[in-house]
2 protein chains.
Amino acid sequence: MTASRDTAVLRVAAELRSEILSGRIALGSPLREEPLAARFGVSRHTVRTALANLAGTGLVRTAPFVGARVPPFDEAEAAALQDLRRALESEAADLLHRRYGGAPWPQAVLAPIDAALGRLRAAERDGDEAETLQAHSAVHRALVAAAGSPRITRAHEQLSDELSLLLLHARPRYGAGELERQHRALLADVQRLGAPPVREHLDDTLERLGIPRQA
Amino acid sequence: MTASRDTAVLRVAAELRSEILSGRIALGSPLREEPLAARFGVSRHTVRTALANLAGTGLVRTAPFVGARVPPFDEAEAAALQDLRRALESEAADLLHRRYGGAPWPQAVLAPIDAALGRLRAAERDGDEAETLQAHSAVHRALVAAAGSPRITRAHEQLSDELSLLLLHARPRYGAGELERQHRALLADVQRLGAPPVREHLDDTLERLGIPRQA
DNA sequence: AGGGCGAGGATTGTGTAACAATCCTCGCCG
DNA sequence: CGGCGAGGATTGTTACACAATCCTCGCCCT
C-alpha cells in the first residue's frame with residue numbers, strides 16, 4: 001500500500017499522508033525536514049515540496065522558518081470545517097435532486113454509493129474502527145461524486161482528508177451497524193427530498209462531536 | 001505594488017499571480033522554470049515551489065515532467081467552477097439569513113460589503129475594466145466573508161482567483177453601472193430571502209458567459 | 001527567586017552545480 | 001506520407017553550502 005507513484009515527492013507525500021491519517025504522527029507534532037529526508041532516503045528539497053503539497057491539502061500547516069506540523073483542532077475549527085462540508089454536500093444533493101426531480105436515481109448513479117455502503121457495512125461488522133472511518137468517509141465522497149460536478153468533488157475530496165484527521169482524533173461513538181443504517185436512510189431521503197436531509201445529517205454529526213451548532 | 005513579502009517564493013508567487021490575473025501571461029502558455037529564475041533573480045528551486053503554490057490555488061496546472069501552464073477554460077470547466085461557487089456563496093447567504101432571520105443585517109456586517117460596492121461603483125464610473133473585474137470579485141468575497149465561516153471564506157478566496165482568470169478572458173459585457181445596481185439589489189434580496197437570490201444571480205452570470213445551465 | 005537578555009545551536013530558506021528521467025521536436029527511413 | 005529514433009529541451013532530484021530566522025538555556029540584574 002506504500003505504493004510507488006510517479007515522482008519521489010508524490011511518494012513521500014503519499015506516505016506522510018497515510019501516516020498522518022492513520023494517527024502514527026501525533027497532532028501538533030512538528031515534521032522536521034532532515035530526519036524525514038534521511039528516513040525516506042531523499043533530499044531535503046524533496047521532503048520540503050512534499051510538505052508543501054500536504055500543506056495545500058490542509059493535512060499539515062506551515063509557517064515561514066518554523067516548519068510544518070499537523071494541526072490540532074479546536075471546536076471553532078471543527079465547526080468551520082463542517083460549514084464548508086455542508087456547503088459542498090448540500091449543493092451536491094441539490095444538484096442530484098434537481099436532476100432527477102425527486103425520483104429514484106438511476107442504477108448507474110447509485111452503484112458507487114451502494115458499494116461504499118457495502119464497505120461500511122463490512123467494516124462495522126468486523127469492528128475495524130480505522131476502516132469504518134475510511135468507509136464512512138468514502139460514502140460521503142461517493143454521494144458528492146455522484147453529482148458529477150468535478151470542482152465540488154475535488155474540493156470535497158480535499159476536505160475529506162482533513163475531516164478524517166479530525167474524526168480520527170475526536171472519535172465519536174456509534175452503535176453496531178448504526179452508521180450503515182443511518183446512511184442508507186440518508187440516501188433514500190436525499191433522493192426524495194434533496195439537500196435538507198443532508199443538512200440534518202451533518203448537524204447530527206457535529207452534535208455527536210460535542211459541538212452544538214450555533215445560530 | 002510588487003511588494004516584497006517574507007520569503008522569496010512568496011514574492012515570486014505573488015508576482016506571477018499578478019501577471020496571470022492581469023492577463024500579461026496568456027492562457028495556455030507554459031511557464032518555464034529557467035527563464036523565470038533568471039528574470040526574478042532566484043534559483044530554479046524557488047521558482048519551482050512558487051509554481052507549486054500557484055498550482056495549489058488553481059492559477060496554473062502542472063503535470064510531471066511537462067511543467068506548469070496557465071489553464072485554458074472550456075465551457076464544462078466554467079460550469080464546474082460556477083457549481084462550486086454556488087455551493088459556497090449560497091451556503092454563506094444561508095448562514096447569514098438564518099443568523100439574522102430575514103431582518104436587515106447589522107451595520108458592522110454590511111460595512112465591508114458596502115465598501116466593496118462603492119469600489120465597484122467607482123470602477124464602473126471610470127470605465128476601468130480591470131478594476132471593475134476586481135471590484136466585482138471583491139463584492140462577492142465580502143458577502144461570503146460576512147458569513148464569518150473561515151473555511152468557506154478561504155475556499156471562496158481561492159476560487160475567486162480562478163474565477164477572475166476565467167472572467168478576464170471571457171469578458172462578459174455589462175451596461176454602465178449595471179453591475180453595481182445588480183449587486184445592491186442582490187444584497188437587499190439576500191437579507192430578506194437568503195440563498196435563492198444568490199442562486200439566481202449566479203445562474204444569470206453563467207448565462208451571460210454563454211453557458212446555459214443544464215438540468 | 002524571578003524575569004528580561006543574549007549567545008549559540010537547531011531549523012528553515014535559498015543558492016549553485018550537477019546529473020538522471022522524461023518529454024518533445026525534427027529529420028530520416030521505409 | 002506516416003512511423004521511428006536521436007538528440008536537445010525541460011523537469012525531477014541530489015549534494016553541499018551558507019544565510020536567515022527561530023528557539024532554548026543559562027546568565028545577569030534587580
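Throughout, protein chains are lettered first and strands after them, A, B, ... in sequence-line order, and every chain is numbered starting at 1.
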Does [X] reach the main-chain N or O of [Y] with its side chain, forming a donor-acceptor pair under 3.5 Å?
| X | Y | value |
| --- | --- | --- |
| A:Gln191 | A:Trp105 | yes |
| B:Arg99 | B:Ala147 | yes |
| B:Thr153 | B:Ser149 | yes |

Look at A:Arg48 and C:dG13 and indicate whether a side-chain polar atom (N or O) is within less than 4.0 Å of OP1 or OP2.
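Affirmative; the distance criterion is met.
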Using a 4.5 Å cut-off on heavy atoms from C-beta on, say whether the side chain of A:Leu59 contacts that of A:Leu21.
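Yes, side chains in contact.
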Expressed in angstrom and rounded to an integer, what is the separation of [X] atom [atom1] from [N] atom [atom2]?
| X | N | atom1 | atom2 | value |
| --- | --- | --- | --- | --- |
| B:Arg32 | C:dC23 | CZ | P | 13 Å |
| B:Leu36 | C:dG15 | CG | P | 13 Å |
| B:Leu10 | C:dT14 | CG | P | 8 Å |
| B:Glu34 | C:dC19 | CD | C1' | 14 Å |
| A:Leu51 | D:dT13 | CG | P | 14 Å |
| A:Leu31 | C:dT12 | CG | C1' | 14 Å |
| A:Arg44 | C:dA10 | CZ | P | 14 Å |
| B:Phe40 | C:dT14 | CZ | P | 14 Å |

Whether the side chain of A:His45 and the base of C:dG15 hold a donor-acceptor pair under 3.5 Å is what I'd like checked.
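When only heavy-atom distances are counted, A:His45 does reach the base of C:dG15 through a donor-acceptor pair under 3.5 Å.
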Most 5' of A:Val47 and B:Gly67 on DNA chain D, judged by nearest nucleotide:
B:Gly67
As a test of reading the structure: which of [options] is closest to the side chain of [X], going by heavy atoms?
| X | options | value |
| --- | --- | --- |
| B:Val66 | C:dC23, D:dT13, C:dG15 | C:dC23 |
| B:Thr46 | C:dG15, D:dG12, C:dG13 | C:dG15 |
| B:Phe65 | D:dA15, D:dC23, C:dA21 | C:dA21 |

Look up atom OG1 in B:Thr132 and atom CG in B:Asp126, then write down how far apart they are to the nearest 0.5 Å.
8.0 Å
With heavy atoms under 4.0 Å as the rule, sort B:Pro64 into base, sugar-phosphate or nothing.
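Sugar-phosphate, no base atom in range.
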